[in-house]
Chemist: 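Here it is, the structure in full.
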Amino acid sequence: MKILVINSGSSSLKYQLIDMETESVLAKGNCERIGIAHSNFIYKARGQCIEQEIDMPNHNIAVKLVLGKLMDKNVGVISSMAEIDGVGHRVVASGEAFKKPTLVTPESMELMEEIKDLAPLHNPAAIVGIKACLAEMPDTPMVLVFDTGFHFTMPDYAYMYAIDYDHYEKYHIRRYGAHGTSHKFVAQEAAKYLGKDIKDLKIITCHLGNGSSITAVKGGKCIDTSMGFTPLAGVPMGTRSGDIDYSAAEYLAKKEGMTVSETLTYLNKKCGVLGISGVSSDFRDLSDAANNGNKRAELALNMFAYGTKKYIGAYTAALNGVDAIVFTAGIGENDSVVRSKALQDLDGLGIILDEKKNADCPRGTIAEIQAEQSKVKVLVIPTNEELVIARETMIEAKLG
Ligand code: ADP
């Protein structure tokens, strides 16, 4: 059983072909700069990495290239398209239209069109990618897997905004969250690692990457998450402001003569640790700058870590205690300084880090980094969003 996972951006298409018997990646890669000059095609399989500048004017051509490479006599991993049993498509926003993974059908595609403007940068790109795959593989079952899916178990008092209830009903304005596949995966991995039934665990999962979100998971189900109506909310991120008083944004917009949409672009692209530091959105650059005495880089790191700590505190209350805190994604898996700062002075909550284990934490594998006297486990777990998408595709398409 082989599942192709597709993650389409407006000018990119990431893909992975996964063998579901072993849950191993047979081939993966990325089509970059689709529709832009000097498009780049990357294909990794059989221990080789092929990178080619190939003209990719649209997603259809990109999908054709991917399938061609997967079936290539020399570097391919399948002999015919029939070997691909299903395709899972990552979709960022679901609104309230989709509360679980859903088969691609004319009806579901119509609904996808209706909710396009919930994520104007992402959802239209996903639709283009799905259509491109349908054109090449019309008979292969395809499934929409939403970043928001895992969060639909939140109680109403956690997902509602305190706005006029009629507006919630009319426009479905509420907290949806993001990174659901990642939170779900690492929570399940944590339970497996701890040898416990996930139903008996209270876990806080910290997905810290370019975009960062924190989720409270009780008995395997999300009960609260830090991102909101869109992935702008929560902790400060690479370039996103995170939580901010709307009045401050409106005040700034007036002062700088920005329109609403310009203000949103500003909050999404020019703020976060990049805005604070003036150095970079990349945490490796920030650490280097802070180590060289750059005070604003240090401030950015401190704000990020403190934001994370506050959510950990809030979710410990929401869960009435916590058994394990999980760090994942680019920063969560790799940045020991951020992990240390985020968990500083939390012994009052039974959370104590072993600084040496944290600093020496191996990469690419599950590691346990709490001190012996810590009541709460602290785990670093590599995420695997594609595998969750592939698993959900198998279930929804009733494969295997
Ligand atoms: P996304 O999937 O949201 O684009 P990632 O999960 O790949 O993001 O995380 C990207 C971020 O991870 C980078 O911007 C960088 O700040 C951080 N990162 C990656 N490797 C390291 C590292 N070795 N040390 C510190 N930070 C790292």
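One-based numbering, in listed order, for ligands and for the atoms of each.
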Chemist: Quick one, list the residues around ligand 1 where some non-hydrogen atom comes in under 4.0 Å, by chain and residue number.
Modeler: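 For ligand 1, the contacting residues are G209, N210, G211, D282, F283, R284, A329, G330, I331, N334, D335, R363.
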Chemist: Please tell me if the side chains of S94 and F152 come closer than 4.5 Å, counting only heavy atoms from C-beta onward.
Modeler: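 Of all side-chain heavy-atom pairs linking F152 with S94, at least one is under 4.5 Å.
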Chemist: Any ring-ring contact (aromatic ring centres under 6.0 Å, His included) involving residues 78-121? Give me the pairs, sequence neighbours left out, ordered by first then second residue.
Modeler: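 For residues 78-121, and leaving out neighbouring residues, the ring-ring contact (aromatic ring centres under 6.0 Å, His included) pairs sorted by first residue read F98-F146.
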Chemist: Could you tell me whether R175 sits above the aromatic face of Y159, with NZ or CZ closer than 6.0 angstrom to the six-membered ring centre and within 45 degrees of the axis?
Modeler: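 The answer is no, since R175 fails at least one limit relative to Y159.
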Chemist: Please check if any side-chain donor atom of Y311 sits under 3.5 Å from a side-chain acceptor atom of D243, or the reverse.
Modeler: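 Yes.
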Chemist: Minimum heavy-atom separation for I173 and Y168, please, with both atom names.
Modeler: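 Heavy-atom minimum between the residues: O-CD1, 3.4 Å.
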Chemist: How about S281 and T239: do any of their side-chain heavy atoms sit closer than 4.5 Å?
Modeler: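 In contact.
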